[in-house]
Amino acid sequence: MESRVSGDTDKALVRRVQAGDARAFDLLFMRYQHRINSLVARYVRSNEDVEDITQEAFIKAYRALPRFRGESAFYTWLYRIAVNTAKNHLASSSRRLQEVEIETDGSDTGQVAQALSSADDPEGALRSDQLRRAVDRAISALPADLRSALTLREFDGLSYAQIADVMECPVGTVRSRIFRAREAVDVAIRPLLDRGGKATNRAEK
């Protein structure tokens with residue numbers, strides 16, 4: 001019985017919660033707690049705050065589930081709640097958004113991925129570390145809407161349509177925000193990339 005329950009789809013679990021089965025929400029919590037925790041950690045620095053906001057997001061989701069109509073995927077709806085909860089926390093505490101640590105997989109990140117992947121020698125490793133810090137600062141300095149869109153795309157792997165659901169805006173707006181965010185990061189790190197290229201050229205001569 002337990003294996004069948006744990007294998008239920010989100011939609012089936014949501015229906016069970018709405019029918020009064022609180023244990024079904026425990027399964028949803030276990031399924032998504034790490035992803036939501038990681039998402040919240042992009043916004044706040046304190047581990048204690050991350051845990052508190054994650055808990056608050058799930059509490060809000062549980063209370064709102066009776067009104068959930070299934071017009072978007074459950075996890076997209078949950079992401080939206082978590083993002084808004086994190087933003088509300090930051091607004092109330094006047095804290096800056098946490099600088100996110102860049103982790104690239106070579107997908108769709110322009111000059112950033114190429115630059116950070118070339119650390120085969122001590123000089124390259126130093127330059128890579130400098131670039132990581134520069135990228136962190138550039139992402140931290142982005143307006144909240146650009147940072148959220150970029151984070152959901154690059155770190156959480158959501159599609160443009162899913163991000164549009166989370167941010168409650170058109171897909172075209174999501175594309176524009178991600179483009180502007182990437183452009184801002186590229187502009188911020190371009191001096192480091194230029195210096196790195198000149199250093200490489202000198203070494204080759």
S.K.: Please evaluate residues Val14 and Thr9 with respect to the criterion side chain to side chain contact (heavy atoms under 4.5 Å, CB included), reporting the C-alpha separation (whole Å), side-chain torsions for both, the decisive distance (0.1 Å), and the verdict.
M.R.: CA-CA 9 Å; Val14 166; Thr9 64; over 6 Å; no
S.K.: If you measure only the distance, is there a donor-acceptor pair under 3.5 Å linking the side chains of Arg35 and Tyr79?
M.R.: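 There is such a pair (donor and acceptor under 3.5 Å, judged by atom type) between the side chains of Arg35 and Tyr79.
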S.K.: Using 0.5 Å steps for rounding, measure from the CG atom of Leu65 to the CG atom of Leu78.
M.R.: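 Spacing of CG (Leu65) from CG (Leu78) equals 9.0 Å.
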S.K.: Compare every heavy atom of Arg147 with every heavy atom of Ser140, then report the nearest pair and how far apart it is.
M.R.: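 It is O-NH1, 2.6 Å.
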S.K.: For Leu146 versus Ala181, what's the shortest heavy-atom pair and its separation?
M.R.: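 In this case the closest contact between Leu146 and Ala181 is O-CB, 3.9 Å.
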S.K.: Return each pair, listed once, that meets side chain to side chain donor-acceptor pair (under 3.5 Å) where at least one residue sits in residues 166-181; pairs must be two or more places apart or across chains.
M.R.: none
S.K.: Output, in order, the C-alpha distance, side-chain angles, deciding distance and verdict of side chain to side chain contact (heavy atoms under 4.5 Å, CB included) for Leu39 and Leu152.
M.R.: CA-CA 8 Å; Leu39 174 66; Leu152 292 171; 3.6 Å; yes
S.K.: Could you state whether Leu150 and Phe179 fall into the same hydrophobic cluster, counting links through intermediate Ile, Leu, Val, Met, Phe, Trp or Tyr residues with side-chain heavy atoms under 4.5 angstrom apart?
M.R.: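 Shared cluster, no.
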S.K.: Salt-bridge test for Asp156 and Arg42: reply yes if a basic N is under 4.0 Å from a carboxylate O, no otherwise.
M.R.: no
S.K.: Evaluate Tyr32 against Thr54 for side chain to side chain contact (heavy atoms under 4.5 Å, CB included), listing each step before the verdict.
M.R.: CA-CA 10 Å; Tyr32 290 111; Thr54 299; over 6 Å; no
S.K.: What residues form a side-chain contact (heavy atoms from CB on, under 4.5 Å) with Lys60, not counting sequence neighbours?
M.R.: Glu56, Ile81, Thr85, Asn88
S.K.: Taking ring pair (Phe, Tyr, Trp, His ring centres under 6.0 Å) as the definition, give me every residue that meets it alongside Phe58, ordered by chain and number, with sequence neighbours left out.
M.R.: Phe29
S.K.: Could you walk me through whether Tyr43 and Val83 satisfy the side chain to side chain contact (heavy atoms under 4.5 Å, CB included) test, starting with their C-alpha distance in whole Å, then the side-chain angles of each, then the deciding distance to 0.1 Å, before giving a yes or no?
M.R.: CA-CA 9 Å; Tyr43 291 84; Val83 167; 3.9 Å; yes
S.K.: Mind checking the OG-CD spacing from Ser38 to Gln33? Nearest 0.5 Å is all I need.
M.R.: 10.5 Å
S.K.: Establish whether Met30 and Ile59 are linked, either directly or via other cluster members, by ILVMFWY side-chain heavy-atom contacts under 4.5 Å.
M.R.: no
S.K.: Which heavy atom in His89 sits nearest to a heavy atom in Val44, and how many Å separate them?
M.R.: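 Heavy-atom minimum between the residues: CD2-CG1, 3.6 Å.
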S.K.: According to side chain to side chain donor-acceptor pair (under 3.5 Å), who are the partners of Glu51, at least two apart in sequence or on a separate chain?
M.R.: Asn37
S.K.: Sequence neighbours excluded, which residues qualify as side-chain contact (heavy atoms from CB on, under 4.5 Å) partners of Ala184?
M.R.: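 side-chain contact (heavy atoms from CB on, under 4.5 Å) check on Ala184 returns Leu142.
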S.K.: Please find the pair of heavy atoms, one from Ile178 and one from Arg153, that lie closest to each other, and give the distance.
M.R.: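 Heavy-atom minimum between the residues: CD1-CB, 3.7 Å.
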S.K.: Which heavy atom in Pro170 sits nearest to a heavy atom in Ala164, and how many Å separate them?
M.R.: C-CB, 4.1 Å
S.K.: Supply the atom-to-atom distance Asp49 CG to Leu90 CG, rounded to the nearest 0.5 angstrom.
M.R.: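 It is 9.0 Å, given to the nearest 0.5 Å.
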S.K.: What are the two closest non-hydrogen atoms of Ile163 and Ala149, and how far apart are they?
M.R.: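 That would be CD1-O, 3.9 Å.
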S.K.: List in chain and number order the residues that pass salt bridge (charged side-chain N to carboxylate O under 4.0 Å, His left out) with Asp21, two or more places apart in sequence or in another chain; answer none if no residue qualifies.
M.R.: Arg16
S.K.: Please list, chain by chain and in numerical order, all residues satisfying salt bridge (charged side-chain N to carboxylate O under 4.0 Å, His left out) with Asp165, sequence neighbours excluded.
M.R.: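 Not a single residue meets the salt bridge (charged side-chain N to carboxylate O under 4.0 Å, His left out) criterion with Asp165.
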S.K.: Tell me every residue that passes ring pair (Phe, Tyr, Trp, His ring centres under 6.0 Å) with Tyr62, counting only those two or more places apart in sequence or in another chain.
M.R.: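 Listed in chain order: Phe25.
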S.K.: Do any side-chain atoms of residues 67-76 form donor-acceptor pairs under 3.5 angstrom with protein atoms, and if so which ones, sequence neighbours left out?
M.R.:
from, atom 1, to, atom 2, distance (Å)
Arg69, NE, Glu71, OE2, 3.3
Tyr75, OH, Gln162, NE2, 2.2

S.K.: How would you list, by chain and number, every residue that makes a side-chain contact (heavy atoms from CB on, under 4.5 Å) with Ala188, sequence neighbours excluded?
M.R.: Ala138
